[in-house]
Amino acid sequence: MIALSQTSLRFRKTSFSGIAAAGAVAAALTLVPSTAHAAEPAAAKTTKAATSTKAATSTKAAQAATAKSYPDNLDGWIRQSLDIMKAKGIPGSYDGLHRNIMRESSGNPNAQNNWDVNAVAGTPSKGLLQVIQPTFAAYHVSGTANDLTDPVANITAAANYAADKYGSIDNVDSAY
């Protein structure tokens, strides 16, 4: 039991008298325990619980996206990449990815450029979005294969690079 001083008792008695005139809403506000009388205000408990629930839901959503099944074709690779991009905060759209893939490799995940300046220097661009190995290494996105020719890893790394350099893969309309 908490011991109250005479001043505190007088204050509470006065407060309670004033409440009768002010109504039930004032009573609810006046009778809420202070942080000195309660370990944690009810509002803080509710906020913490909501934050904890939100974090758990976000983690579950990310795990669900990873566990999702995708077809082993261009549409599936793009959709899987988009889910990873969304989870990692990398901008881009299906249309932007598809347009650039068709221009760069015609949708062939094994495409390799053996004639441009990078190829002449010994670092040919490869995969759906024609990425060179140093760029792939610098922009590889965790959660994807560490393999330049893996379709999902190639798309996601290229989108990450394009986001850094151009704001989004959607802003790329030619070789990048």
Side-chain angles (χ1 to χ4, degrees), residues 35 38-176:
T35 54
E40 187 173 319
K45 287 180 186 174
T46 304
T47 303
K48 280 187 179 181
T51 303
S52 179
T53 302
K54 185 176 180 181
T57 302
S58 177
T59 301
K60 286 179 185 174
Q63 290 170 346
T66 306
K68 214 171 171 182
S69 179
Y70 302 90
D72 189 23
N73 59 29
L74 182 58
D75 180 66
W77 301 327
I78 292 172
R79 291 188 187 288
Q80 186 175 1
S81 293
L82 283 168
D83 283 347
I84 294 166
M85 290 163 57
K86 182 178 179 181
K88 303 288 184 173
I90 302 168
S93 69
Y94 186 98
D95 292 337
L97 290 170
H98 190 266
R99 174 176 34 85
N100 281 287
I101 288 168
M102 296 312 290
R103 184 188 64 253
E104 293 292 332
S105 68
S106 300
N108 177 2
N110 299 312
Q112 181 170 319
N113 180 327
N114 291 314
W115 58 266
D116 73 359
V117 67
N118 292 315
V120 171
T123 312
S125 50
K126 299 178 182 179
L128 291 168
L129 282 164
Q130 293 295 286
V131 180
I132 61 173
Q133 186 62 48
T135 302
F136 179 80
Y139 289 92
H140 174 256
V141 176
S142 64
T144 65
N146 196 14
D147 175 4
L148 174 61
T149 59
D150 176 85
V152 173
N154 186 277
I155 293 169
T156 311
N160 194 24
Y161 168 80
D164 183 47
K165 300 298 179 192
Y166 308 102
S168 172
I169 191 75
D170 297 342
N171 297 332
V172 177
D173 291 313
S174 63
Y176 58 107

Asks: For the residue pair N110 / Q112, report whether a side-chain donor-acceptor contact shorter than 3.5 Å exists.
Replies: no
Asks: Identify the heavy atoms of Y94 and D75 that sit nearest to each other, and give their distance.
Replies: OH-OD1, 2.7 Å
Asks: Compare every heavy atom of S105 with every heavy atom of G127, then report the nearest pair and how far apart it is.
Replies: O-CB, 3.6 Å
Asks: Does any donor atom in the side chain of N154 or W77 lie under 3.5 Å from an acceptor atom in the other side chain?
Replies: no
Asks: State which residues pass side-chain contact (heavy atoms from CB on, under 4.5 Å) with K86; sequence neighbours excluded, sorted by chain then number.
Replies: none
Asks: Would you say V131 and K126 make side-chain contact, with heavy atoms under 4.5 Å?
Replies: no
Asks: Report yes if the side chains of L128 and L74 come closer than 4.5 Å at any heavy-atom pair, otherwise no.
Replies: yes
Asks: Minimum heavy-atom separation for N114 and P124, please, with both atom names.
Replies: OD1-CB, 4.2 Å
Asks: Rounded to the nearest 0.5 Å, what's the gap from OG on S142 to NZ on K88? Could you check?
Replies: 3.0 Å
Asks: May I ask you to test the I155-V152 pair for a side-chain heavy-atom distance under 4.5 Å?
Replies: no
Asks: Out of curiosity, D83 CG to I78 CD1, how far, rounded to the nearest 0.5 Å?
Replies: 12.5 Å
Asks: Go through the structure and list residues passing side-chain contact (heavy atoms from CB on, under 4.5 Å) with D147, not counting sequence neighbours.
Replies: A145, T149, D150
Asks: Nearest 0.5 angstrom please: Q130 CD to R103 CZ, how far?
Replies: 10.5 Å
Asks: Say you draw a straight line from CG of N118 to CD of Q133; how long is it, rounded to the nearest 0.5 Å?
Replies: 12.0 Å
Asks: Using 0.5 Å steps for rounding, measure from the OG1 atom of T135 to the NZ atom of K165.
Replies: 8.5 Å
Asks: Between T123 (side chain) and A119 (backbone), is there a donor-acceptor pair under 3.5 Å?
Replies: no
Asks: Show your working on side chain to side chain contact (heavy atoms under 4.5 Å, CB included) between D173 and R99 and close with a plain yes or no.
Replies: CA-CA 8 Å; D173 291 313; R99 174 176 34 85; 2.8 Å; yes
Asks: Looking at every non-hydrogen atom in both residues, tell me the closest pair between I169 and G92 and how far apart they are.
Replies: CG2-CA, 3.9 Å
Asks: Do T156 and T144 meet the criterion of a side-chain donor-acceptor pair at a distance under 3.5 Å?
Replies: no
Asks: Going by side-chain contact (heavy atoms from CB on, under 4.5 Å), name the residues that satisfy it together with A138, two or more places apart in sequence or in a different chain.
Replies: none
Asks: Walk me through whether M85 and L97 qualify under side chain to side chain contact (heavy atoms under 4.5 Å, CB included).
Replies: CA-CA 11 Å; M85 290 163 57; L97 290 170; 4.0 Å; yes
Asks: Any side-chain donor paired with an acceptor under 3.5 Å for S93 and D170?
Replies: yes
Asks: Measure the spacing between OH of Y166 and OH of Y161 and express it to the nearest 0.5 Å.
Replies: 4.5 Å
